[in-house]
Amino acid sequence: MDLTVIVPCYNEEEALPLFYAKVKEVLARELSGIQTEFLFVDDGSSDRTLKLLKAFSAKDPCCHFLSLSRNFGKEAAMYAGLKEASGDCCVLMDADLQHPPVLLPSMYRAVTQEGFDCCAGFRADRTGEGRVRSALSKGFYRVIRRLSHMDMADGAGDFRMMSRRMVNSILACQEYNRYMKGIFSFVGFDTKWLPFQNTARAAGKTKWKLRGLFRYALDGIFSFSTAPVTLAAAAGTLLFFLALGLGLWTAVNTLAFGNPVDGWTTIVCLILFLNGIQLLFISILGEYVSRNYLESKGRPIYIIKEQG
Ligand code: UDP
Ligand code: MG
């Protein structure tokens, strides 16, 4: 196989037929000389997605599918796809046509002829996306770039074609808490960026809710940065010196000048403040410890129920 098109699908019965027809058409028109396979990963869909995939693969020998035993999440579905793909090049695409298939030929050229190991689509704008979500995403990318010292650009998504050696390096990252954007930049290699216009999904609904995105953002930060722990250390040190200063000042005030110590309000405020800070930082530590706990169990990242 020259190229494997990997498509994670979660309840995509409406978008899948459109996607399949469109990508087939582009491949037949512009990449007909190479051997291409589709690898759809059904991420525990509860609608007719799996039925559709079975129908595709019954008709088309270049069309394969994996069906996971439950919804493992997009990151796990992409990993499963990369793991089972046999192509010399692999491309990850969303099933909703938000990743324009017309870019596939130039991506293939970049990876096979221009010497890049990766060619990634880059979303040049955020039209069609809610205002709150855009603002939060932008803020998140600013924070994570600072915290992780890794090049995770706003707009750089999972739409990318990769050479076999890059795919193998990604597969070598065995962590259970997978944050693909971080893993892409962790493995390195030369990447060519192709801008594309953001479009609304072809059909169906987005699988993300604001809460899920928030968790995803925290996952990104905790998986690729230990800055929150450093922050806790800095805040702890600062508070220690503040408390020391306050204590000395109170002692001098009372002993030397005979002023009575201020009432209990100050004390209550300080106790609340310090306890709050302590709990916050304990919870940050807890995030790392619990991630470590999940990693140490060494559970599989995905489980295949059916394959075809
Ligand atoms: N997806 C998945 N598992 C999930 C959630 C999403 O495989 O748990 C797939 C989904 O079917 C789609 C892609 O990931 O092909 C992107 O999802 P979506 O379009 O909902 O995300 P958005 O484009 O809004 O970020
Ligand atoms: Mg989408």
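Whatever order the structure lists them in is the order used to number ligands and atoms, beginning at 1. Keep in mind that the numbers below use all heavy atoms, side chains included, and drop hydrogens, waters and symmetry copies. This structure is a prediction, so every number in the text was calculated from the model and none was measured.
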On the ring face of F72, is R70 found with NZ or CZ under 6.0 Å from the centre and within 45° of the axis?
yes

Taking all atoms of both residues into account, what is the closest heavy-atom pair of P228 and I284, and its distance?
CB-CG2, 3.6 Å

Does any N or O atom in K205 lie less than 3.5 angstrom from one in ligand 1, N or O only?
no

Considering non-hydrogen atoms of the protein only, which is the closest contact for [atom], and what is the distance?
{"atom": "atom 24 (O) of ligand 1", "value": "T206 OG1, 2.7 Å"}
{"atom": "atom 11 (O) of ligand 1", "value": "E12 OE2, 2.6 Å"}
{"atom": "atom 1 (N) of ligand 1", "value": "Y10 CB, 3.8 Å"}
{"atom": "atom 23 (O) of ligand 1", "value": "Q98 OE1, 2.7 Å"}
{"atom": "atom 18 (P) of ligand 1", "value": "R201 NH2, 3.5 Å"}
{"atom": "atom 20 (O) of ligand 1", "value": "K207 N, 2.7 Å"}
{"atom": "atom 21 (O) of ligand 1", "value": "W208 CD1, 3.1 Å"}
{"atom": "atom 9 (C) of ligand 1", "value": "P8 O, 3.6 Å"}

Specify which N/O/S atom of D96 comes nearest to the Mg ion (ligand 2), by atom name.
OD2

Using a 4.0 Å heavy-atom cut-off, say whether [X] meets ligand 1 through its side chain, its backbone, both or neither.
{"X": "V41", "value": "neither"}
{"X": "K74", "value": "both"}
{"X": "D94", "value": "both"}
{"X": "A95", "value": "both"}

Considering the heavy atoms of [X], write down every atom of ligand 1 situated less than 4.0 Å from one of them.
{"X": "D96", "result": "19 (O), 23 (O)"}
{"X": "C9", "result": "7 (O), 11 (O)"}
{"X": "D43", "result": "2 (C), 3 (N), 4 (C), 7 (O), 8 (O)"}
{"X": "G73", "result": "3 (N), 8 (O)"}

Non-hydrogen side-chain atoms of [X] and [Y] separated by less than 4.5 Å:
{"X": "H64", "Y": "E84", "result": "no"}
{"X": "L52", "Y": "E12", "result": "no"}
{"X": "K24", "Y": "D60", "result": "yes"}

Given the side-chain rings of F189 and F116, with only the six-membered ring counted for Trp, is the space between their centroids under 6.0 Å?
no

Give a yes or no on whether the ring-centroid distance for F56 and Y20 is below 6.0 angstrom.
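For F56 and Y20, the ring centres are under 6.0 Å apart.
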
N71 and its side-chain hydrogen bond (donor to acceptor under 3.5 Å, both in side chains) partner, picked from N11, D43, D42
D43

Exactly one of T112, V91, L194 should register a side-chain contact (heavy atoms from CB on, under 4.5 Å) with C119. Which one does?
L194

Main-chain N/O of S67 paired with E306 side-chain donor or acceptor, under 3.5 Å:
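Flag not set: sc E306 to bb S67 has no pair under 3.5 Å.
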
State whether the side chain of E114 and the backbone N or O of V111 hold a donor-acceptor pair below 3.5 Å, judged by distance alone.
no

